[in-house]
Amino acid sequence: MKKLVVLIISFVMGALTAQAQQTIAGEWKGAIIIQGQQLGVIFNIDGEPGDYSGTLDIPMQGAMGLPLTRVEQKADSAFFTFFAGQANGEFKGTFSSDSLIAGTYSQGPASFPFEIKKQSSSGEVKIVPGEGEDLIIQGDEVEIGGTLVYPEGVNNAPLVILISGSSAQNRDSNIFEFKIFAEIAEHLKAQGIASFRFDDRQVGESTGNFMNTTLDMLAGDVVSIIDYLTAMEGKSFGEVILLGHSQGGVVAGKVASENKDVDQLILMASTGVPLKEILRFQVKQGFGEGIHDEQDVDKEIALREEMMAAIRDGKELDSVKNEYVNHYKSMLENLSEQQKSRIPDINTFAQQQVQQLVAYYSTPQLQSLLFYDPAEDLSELEIPVLVLFGEKDTQVTEQMNRVPITNALDDAGVKYKVSVLAGGNHLFQKANTGQVSEYPMLDKRFTDSFLKTISSWITKN
């Protein structure tokens, strides 16, 4: 994940309704979503109204116990600050409930959705979807922690292995408390279908380093899971089905094209083009909403792709980095005075931006995916494929990805079905705009036909 340089964060949180002042003391966990990827954060607040203190943890950056320099709460709002550098960051949100705050985090001219949830201290055990048998599977020099859900009273149940998208995710694929894979697992169990979902490397009970994990290594983890489960004593499985969400679909397609043990493939908002093209689309979308000139955005994309290619080819980066810094500074100078007021030093901010991009594009995982064409794997399949898109998905759109996927499946000559779920976003929630910024505010459930589409396909093929 692209590293976020967190500098000063301000929280202003207004309650939805007038109510007696509540304490914000306790542990709050959540995430910022940056370009579709989650950066987990944990706030620990101690004290009582008028005398609060606290710390901030950002585990994926190795930042633990950062002191909050200001923690204030008034009747229906709170204000937190901390210092870790020179630029400003800000979070403004509202209480969705007494234990959930959703809003927008801003740093410089950029803004991202952010949600934090207060952790229960009562010790109450809640029934959660997708409960099953927790396993540790030995992979290639790593351990893979996951949960096997097997329907009671069923012999030789079909097995669905769930593969998450980009960014390090836990086995539930928990995004803003919407536990995508846990919900799917619960539905499949009710339909007599087994499932296995697992923590990505470096998350939960899985070991390893996520960003140093290449596409081949991600695929190898899935193969290790297939080998372990199909040889497991005391359990028998029918067909083996891979379900990959977003980038997980690239992993699933690679495994399915190379492994004869896979009987079906489900692509859930998966890409049909190299990651470089997806990032190009996302940059154009993020920079081009009336904030920046179209020619500036095109140059932004071109310079980013020059950096990608130079890193891939082992070429000197200094010249393209300098050109990028000059270009980015020019874009910042053209912002409104209000937007520029969030950036204490434009030159420093531009230098930080280019360093972050170079670090991001240089990771082994990104290097293995940027120029990889997933359609080539799909063209070699010999199994049925279900392709799912969300009508309002703004991250992996049907318009960009359907044709390359269906062309590849036509070349393969396999049975396939494409379903576009009405109103669905990238997570297949019923969405208003489909933008990432509204994820925290949406109901934590799928569109009405999503789960049935999956289980019906599995049982009929």
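Model, not experiment: these values are computed from the prediction. Values below: all heavy atoms of this structure, side chains included; hydrogens, waters and symmetry mates excluded.
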Look at [X] together with [Y] and state whether they make a salt bridge at an N to O cut-off of under 4.0 Å.
X	Y	value
E183	K179	no
E305	R280	yes
R201	D221	yes
D216	K254	yes
D448	R445	yes

Using a cut-off of 6.0 Å, state whether more than 12 heavy atoms not belonging to [X] lie near its atom [atom1].
X	atom1	result
K444	NZ	yes
E382	CD	no
K340	NZ	yes
E141	CD	no

Would you mind reporting whether [Y] and [X] have side-chain heavy atoms less than 4.5 Å apart?
X	Y	answer
T214	Q365	no
M268	I180	yes
Y416	D410	yes
D140	M217	no
L275	T271	no
E300	H327	yes
R171	V203	no
Q202	T207	no

Residue pairs passing the ring-ring contact (aromatic ring centres under 6.0 Å, His included) test where at least one lies in residues 371-400, sequence neighbours excluded: none
Is it the case that the side chain of [X] and the backbone of [Y] share a donor-acceptor pair, with hydrogens and angles ignored and the cut-off at 3.5 Å?
X	Y	value
S270	L267	no
E438	T433	yes
S173	Q169	no
T363	A359	no

Shortest non-hydrogen contact from [X] toward [Y]:
X	Y	answer
N432	K392	O-NZ, 3.0 Å
G434	N425	CA-CB, 4.1 Å
K430	L442	O-CD2, 3.8 Å
I405	G272	CG1-CA, 3.6 Å
L386	S419	CD1-OG, 4.4 Å
P364	N212	CD-OD1, 3.4 Å

Side chain to side chain donor-acceptor pair (under 3.5 Å) assessment of Q264 paired with E239: CA-CA 8 Å; Q264 292 186 44; E239 289 193 324; 2.7 Å; yes
Could you grab the distance from atom [atom1] of [X] to atom [atom2] of [Y], nearest 0.5 Å is fine?
X	Y	atom1	atom2	result
K417	T453	NZ	OG1	6.0 Å
E333	I343	CD	CD1	9.0 Å
I193	I184	CD1	CD1	11.5 Å
L427	T447	CG	OG1	11.0 Å
L381	E258	CG	CD	10.5 Å
E143	S224	CD	OG	12.0 Å

Side-chain donor-acceptor pair under 3.5 Å between D200 and S164, yes or no? yes
Between S246 and H426, do the side chains contain an N or O donor and an N or O acceptor separated by less than 3.5 Å? yes
Walk me through whether F196 and I225 qualify under side-chain contact (heavy atoms from CB on, under 4.5 Å). CA-CA 9 Å; F196 183 79; I225 291 168; 3.6 Å; yes
Mind checking ring pair (Phe, Tyr, Trp, His ring centres under 6.0 Å) for F198 and listing every partner two or more places apart, or none if nothing turns up? none
Before giving the answer on side chain to side chain donor-acceptor pair (under 3.5 Å), spell out for Y324 and Q353 the whole-Å C-alpha distance, their side-chain angles and the decisive distance to 0.1 Å. CA-CA 9 Å; Y324 180 86; Q353 170 78 354; 3.3 Å; yes
Over 60° means perpendicular and under 30° means parallel, so tell me whether H245 and F181 are parallel, tilted or perpendicular. perpendicular
Hey, would you say the F450 and F428 ring centroids sit under 6.0 Å apart? yes
From CA spacing to verdict: side-chain contact (heavy atoms from CB on, under 4.5 Å), L303, I301: CA-CA 6 Å; L303 289 171; I301 293 169; over 6 Å; no
Can you check side-chain contact (heavy atoms from CB on, under 4.5 Å) on H187 and F446, steps first, answer last? CA-CA 11 Å; H187 172 80; F446 294 110; over 6 Å; no
Pick out which of I163, I161, I454, I458 makes a side chain to side chain contact (heavy atoms under 4.5 Å, CB included) with L243. I454
Evaluate side-chain contact (heavy atoms from CB on, under 4.5 Å) for R402 paired with V420, printing each intermediate quantity in order. CA-CA 10 Å; R402 178 172 183 158; V420 181; 3.6 Å; yes
Qualifying residue for side-chain hydrogen bond (donor to acceptor under 3.5 Å, both in side chains) with R197, from D172, N170, T147: D172
